[in-house]
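So that the names make sense, note that chain A is the first sequence line, chain B the second, and so on, each numbered from 1.
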There are 2 protein chains.
Amino acid sequence: MEKRVSEAVIRRLPRYYRYLKMLQGMGVERISSKSLGEIMETTASQIRQDFNCFGGFGQQGYGYHVGELKNRIAEIIGLNKGYQIIVVGAGNIGQALAGYRAFLQEGYEITALFDNDPHVVGGSVGDIPVLPMDDLERFIQRNRVDIAILTVPEQHAKAAAQLLCDAGIRAIWNFAPVDITLENLVCENVQLTDGLMALTYKLNAANGQ
Amino acid sequence: MEKRVSEAVIRRLPRYYRYLKMLQGMGVERISSKSLGEIMETTASQIRQDFNCFGGFGQQGYGYHVGELKNRIAEIIGLNKGYQIIVVGAGNIGQALAGYRAFLQEGYEITALFDNDPHVVGGSVGDIPVLPMDDLERFIQRNRVDIAILTVPEQHAKAAAQLLCDAGIRAIWNFAPVDITLENLVCENVQLTDGLMALTYKLNAANGQ
DNA sequence: TAGATTGTTAATCGATTAACAATC
DNA sequence: TAGATTGTTAATCGATTAACAATC
C-alpha cells in the first residue's frame, strides 16, 4: 500500500506536523495544498506528492481537514506510541536535552542520564537521575528504552554506540562529531559543528566572498 | 571561476573537513578519492565532483595531499577568518552551546549571552557574561558580532530574529522550532524536534510497521 | 450543476554516478 | 615509459514540478 518513502519526504514530515499544529492552534479547520504551500513556502505539487506516499487524506474540491491531517501525520511518524529515552553523557548538551520541555509534549519521556563523572553521577537533572555508566547495560535490560541520546565526548562515541547497540537499543540520536552507522540500528547524526560551518560558508558566500 | 555550489555540496564540506582532519591526525599524508570514498562511505565520483566546484586540488596519478586539501576546504568554508558569536536566550540549550568547546577550536568565539530572566542576567556561563536583552542592540553596535545563536522560546523567536536582523546581524543559527527566513540574512534552522521525529519514523519503519 | 481541488501520471530538472581522456 | 588517478564530460537516476482527469 505504501510507496517507498524517500529520505527527503521523511525529513519534511515533522515540518508538516509542526505547521498543521500551528494552524489548528489558530482555529483553521480546512486547508488546500495551495494555501499550505504558500504558508510553508513550498509547492502544492510537492505537498500532494508527499502525502500520496501514505494514501490520500484529502477531499477533492474541499482540500484537507487540518485536525485530521495533523493526526494522520502524527500517526505516520509514530507519535501516538510514546517513547522512553535515555541520555548517555550528562555534559552540557546532554543535560540541556534532558531538560528540554518540547519533547515531553510529543510523548517522549527521558527516564535517566548516564555518565562517568563522579561530580554528576548520583545527582539529577530536574527529576531525572544521573546514573553511572556501569549501570547502563543492566538498566536497558530491566527497563523499556526506545531511543538513546548520545552526548558523550567524541573519543568515546563509537564505543558507547556499540555498547548501546549490543544492549538492544535500536535508535540512537547522536550529537557527537562522528558518524555512527551500525547494523540493526537507526541513527540520526546531528553534527552541530557541521551545521555551524554550513552557516559560515553561506555567510561568506552572501558577502560576495 | 567557481561554479554554482548546491546546498548538497555545502552540507558535505564540513564532513570532508572533519575526515581530513582525522586523517591528518592519524599521520596520513596523501589520499585518493577512491580511498576517501571508502572511508566516508560515498563514491569517488562524488568527491571529485564536489571538489571541482572550487577548482582542482589534486594531482593526477597521486591523489590529494591531506594537509593541503584540509586547509583548502577550511578556507572555502571560511574557517581561517574567526568569528565572534552571541547567544540570544540563556536557557538550557543556550548555555550548553555557550559552553561547547569544539567551536572554540575552529575559531568561533562566544562573547556574550542575552536573556530577560533576572535569575541568570548579571551572571556568567564559564567566562561569558549574561547580559539583559535591553543591551542587545547596543552591544551589537559597539562590538563585532558575526553570528547570533538563537535559543529563545518559540513564541519569541520571530521577534528576536527580526531585532537581530535590524541591528545588522547577517547570520543566525536558530534552535527555536520555527522557520526563520529574512532578507539579507542567512539562517540555519536546526529544528531539534524535527530530527527526533525523523529518527522516530525510521525506527518504526525499521520495525516493519 | 459548476467550481474547486484532489490524486496521479507525465515532464522537467538537478544531483549522482559512470566513463574516459589528460597528465602526473 | 607504464600505472595510477585526477578533472571533466556524458549517462543515469531520483526528486520536484506541471498537467489533468477524477470527483467531491
Side-chain angles (χ1 to χ4, degrees), chain A residues 1-16 19-20 23 28-73 76 198 201-202 205, chain B residues 1-16 19-20 23 28-73 76 198 201-202 205:
Chain A
M1 161 101 194
E2 289 187 11
K3 304 170 189 177
R4 197 216 149 235
V5 183
S6 73
E7 182 72 21
V9 173
I10 294 170
R11 303 233 149 260
R12 285 195 289 266
L13 286 174
R15 191 159 178 266
Y16 289 127
Y19 277 87
L20 288 164
L23 287 165
V28 178
E29 283 188 5
R30 56 171 275 202
I31 197 155
S32 66
S33 55
K34 188 164 176 288
S35 309
L36 187 57
E38 280 161 12
I39 294 167
M40 294 183 65
E41 300 193 64
T42 182
T43 63
S45 263
Q46 180 164 85
I47 290 171
R48 294 206 299 275
Q49 284 280 25
D50 284 356
F51 293 171
N52 236 238
C53 295
F54 309 99
F57 343 113
Q59 208 175 329
Q60 274 116 327
Y62 174 88
Y64 302 86
H65 186 279
V66 171
E68 191 195 307
L69 181 58
K70 189 207 77 172
N71 291 338
R72 294 291 288 273
I73 290 175
I76 290 162
Y201 174 86
K202 289 181 194 172
Chain B
M1 161 102 193
E2 289 188 12
K3 303 169 190 175
R4 196 216 150 235
V5 183
S6 73
E7 182 73 19
V9 173
I10 295 170
R11 303 234 149 259
R12 285 194 291 266
L13 286 175
R15 191 158 178 265
Y16 289 127
Y19 276 87
L20 289 164
L23 287 166
V28 178
E29 284 190 3
R30 55 170 276 201
I31 198 156
S32 66
S33 55
K34 188 165 176 289
S35 309
L36 187 57
E38 280 160 13
I39 294 167
M40 295 184 64
E41 300 193 64
T42 182
T43 63
S45 263
Q46 181 163 83
I47 290 172
R48 294 205 299 275
Q49 283 281 25
D50 284 357
F51 292 172
N52 236 239
C53 295
F54 310 99
F57 341 115
Q59 206 173 332
Q60 273 115 329
Y62 172 87
Y64 301 88
H65 186 280
V66 171
E68 191 195 307
L69 181 57
K70 189 207 77 172
N71 291 338
R72 295 291 287 274
I73 291 175
I76 290 163
Y201 174 87
K202 289 181 194 172

Mind checking who D:dG14 pairs with, Watson-Crick or G-U wobble, both distances under 3.5 Å?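 D:dG14 is paired with C:dC13.
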Pairing partner of D:dA22 (Watson-Crick or G-U wobble, both distances under 3.5 Å): C:dT5
Side chain A:Q60 and base D:dT23 donor-acceptor under 3.5 Å: no
Return yes if the base of D:dT9 and the side-chain atoms of B:Q49 contain a donor-acceptor N/O pair under 3.5 Å, otherwise no. yes
Do you know the tightest heavy-atom contact between B:L13 and B:I73?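 In this case the closest contact between B:L13 and B:I73 is O-CG2, 3.8 Å.
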Contact summary for A:L23 and A:I31, nearest pair of heavy atoms: CD1-CD1, 3.6 Å
Hey, is CD on B:E7 packed in by over 12 heavy atoms from elsewhere, all under 6.0 Å? yes
Any chance CD of A:E29 has more than 12 other-residue heavy atoms, nucleotides or ligands included, within less than 6.0 Å? no
Taking only side-chain nitrogens and oxygens of [X], does any of them come within less than 4.0 Å of OP1 or OP2 of [N]?
{"X": "B:Y64", "N": "D:dA4", "answer": "no"}
{"X": "B:T43", "N": "C:dT16", "answer": "no"}
{"X": "B:R48", "N": "D:dG7", "answer": "no"}
{"X": "A:R4", "N": "D:dA15", "answer": "yes"}
{"X": "B:R30", "N": "D:dT5", "answer": "yes"}
{"X": "A:R11", "N": "D:dA15", "answer": "no"}

Length of the line joining [X]:[atom1] and [N]:[atom2], which is rounded to integer Å:
{"X": "B:D50", "N": "D:dT8", "atom1": "CG", "atom2": "P", "answer": "14 Å"}
{"X": "A:K34", "N": "D:dA18", "atom1": "NZ", "atom2": "P", "answer": "13 Å"}
{"X": "B:I47", "N": "D:dT5", "atom1": "CD1", "atom2": "P", "answer": "13 Å"}
{"X": "A:N52", "N": "C:dG7", "atom1": "CG", "atom2": "P", "answer": "6 Å"}
{"X": "A:L69", "N": "C:dT5", "atom1": "CG", "atom2": "C1'", "answer": "14 Å"}
{"X": "B:E41", "N": "C:dT16", "atom1": "CD", "atom2": "C1'", "answer": "17 Å"}
{"X": "A:F51", "N": "D:dT16", "atom1": "CZ", "atom2": "C1'", "answer": "16 Å"}

How are the rings of A:F51 and A:F57 set to each other: parallel, tilted or perpendicular (split at 30° and 60°)? tilted
If you look at every strand shown and take non-hydrogen atoms under 4.0 Å, does B:S45 touch a base, only sugar-phosphate, or nothing? base
Given DNA chain D, 5'-ward residue of the pair B:G61 and A:G61, judged by closest heavy atom: B:G61
Relative to the 5' end of DNA chain D, which residue comes earlier, B:Q59 or A:Q46, by the nucleotide with the nearest heavy atom?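 Going by which nucleotide is closer to the 5' end, it is B:Q59.
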Name the residue closer to the 5' end of DNA chain C, choosing between B:T42 and A:S32 according to the nucleotide with the nearest heavy atom.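 Here A:S32 is the residue nearer the 5' end.
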If you define the side chain from C-beta out and look only at heavy atoms, does anything of B:R12 sit under 4.5 Å from B:Q46?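 They are in side-chain contact.
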